[in-house]
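Presented below is the structure to which this report refers.
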Amino acid sequence: MNVIIFGPPGAGKGTQSDFIVSKYNLFKLSTGDLLRKEINKKSLLGIKITSIVNSGSLVSDDIMNNLIESVISNKDYKNRIIFDGYPRNLSQAQNLNKLLLKYDQKINLVLRLKVSLDVIKKRITGRVICSKCGKIYNKYFNLPPINSNCCYEDILKKRDDDILDVAIKRYETYEKSTEPVLDFYRKMDLIKDINGEDEINTIYIKINEYLAAIEAWLCAITPYKYVFKKLYLINYGPNSRN
Ligand SMILES: [Zn+2]
C-alpha cells in the first residue's frame, strides 16, 4: 500500500510515520531526505542541488519530480511508500498521481492529522525544560511532578517567544497550501481524519486500524502474490531486521 500523511508542523507527524514505517515495513519518502541523500552522493544532480540550496532558492518541481520518480520506479519500494511532507501543492499532487500510474501504483490512503492552532500554541508556549536534568514538561499537558527534588518551578526554563511567531506562520502556510491538495484527495475519497490532539498511543491505534483494513483488503484481492511479497520483504527487504 502507498500512504500519504498530512499534518501541520508540530502535530507529531514524524513520530506517527516512524511507527507506521516499522510496523508495515514501508519506505518513508521525505523530500528533505531525498535531497540530502543526493547531495551526499555528490552526483551531478547533487552538486546542482547544493548550489541551489546554498543560493537560498527552492529546488524546482522538475528536480523534485525526478528524485521522486527514482523511488517510485524502484521495484524494492513498489506499493510500500509512505509520503511525508509531499505533495505540498496541487501541481505536485497531480504529478504524483501521474507518476504512480506510470508504474502501475496508486495512493491507497491519505491520513490527515488534525491539530488546532490553539493546541499547537499551547504545546509551544507551555513547554518548559528542567535546567538540572533536561526533562521536558508542558504546563498545559504534562506537568512536572509535585514535590520533586529536581524539577521544581524555579529551575524550569521556558523557550523564547519568537519561536511562537514562527510556528504560527508555518501553521498558516501549511493550512493554505494543503487545502487544495486535500480537496484533490477528498474527491478520490481517500482521506481519513485523525484527531492529532489525542494521546500519541490513541492516535497510533486509530491509524493502525485504517492501515490494517487496507492491508486486509489488498490481501483479499491478491492473496498469494501479496502475502509472499510481504513475507519476503520483512525477511530480506531493505528494512529487514536481519
Ligand atoms: Zn529535573
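Note that ligands are numbered from 1 as they come in the structure, with each ligand's atoms numbered from 1 the same way. This structure is a prediction, so every number in the text was calculated from the model and none was measured.
- For the Zn ion (ligand 1), the set of protein N/O/S atoms nearer than 2.8 Å consists of C130 SG, C133 SG, C150 SG, C151 SG, ordered by chain and number.
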Evaluate the salt bridge (Lys or Arg N to Asp or Glu O under 4.0 Å) criterion for residues R36 and D33: first the C-alpha distance (whole Å), next the side-chain angles of each, then the deciding distance (0.1 Å), finally the verdict. CA-CA 5 Å; R36 268 188 295 277; D33 287 351; 2.9 Å; yes
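- Inter-residue side-chain proximity for E172 and I168 is flagged as met; some heavy-atom pair is nearer than 4.5 Å.
- Within the 4.5 Å cutoff, side-chain heavy atoms of L111 are placed close to those of Y210.
- Around the NZ atom of K192, the shell of radius 6.0 Å holds no more than 12 heavy atoms that belong to other residues, nucleotides or ligands.
- Side chain of D198 to backbone of I203: no donor-acceptor contact under 3.5 angstrom is found.
- The side-chain tip of K169 does not point at the ring of Y171 from less than 6.0 angstrom away and within 45° of straight on.
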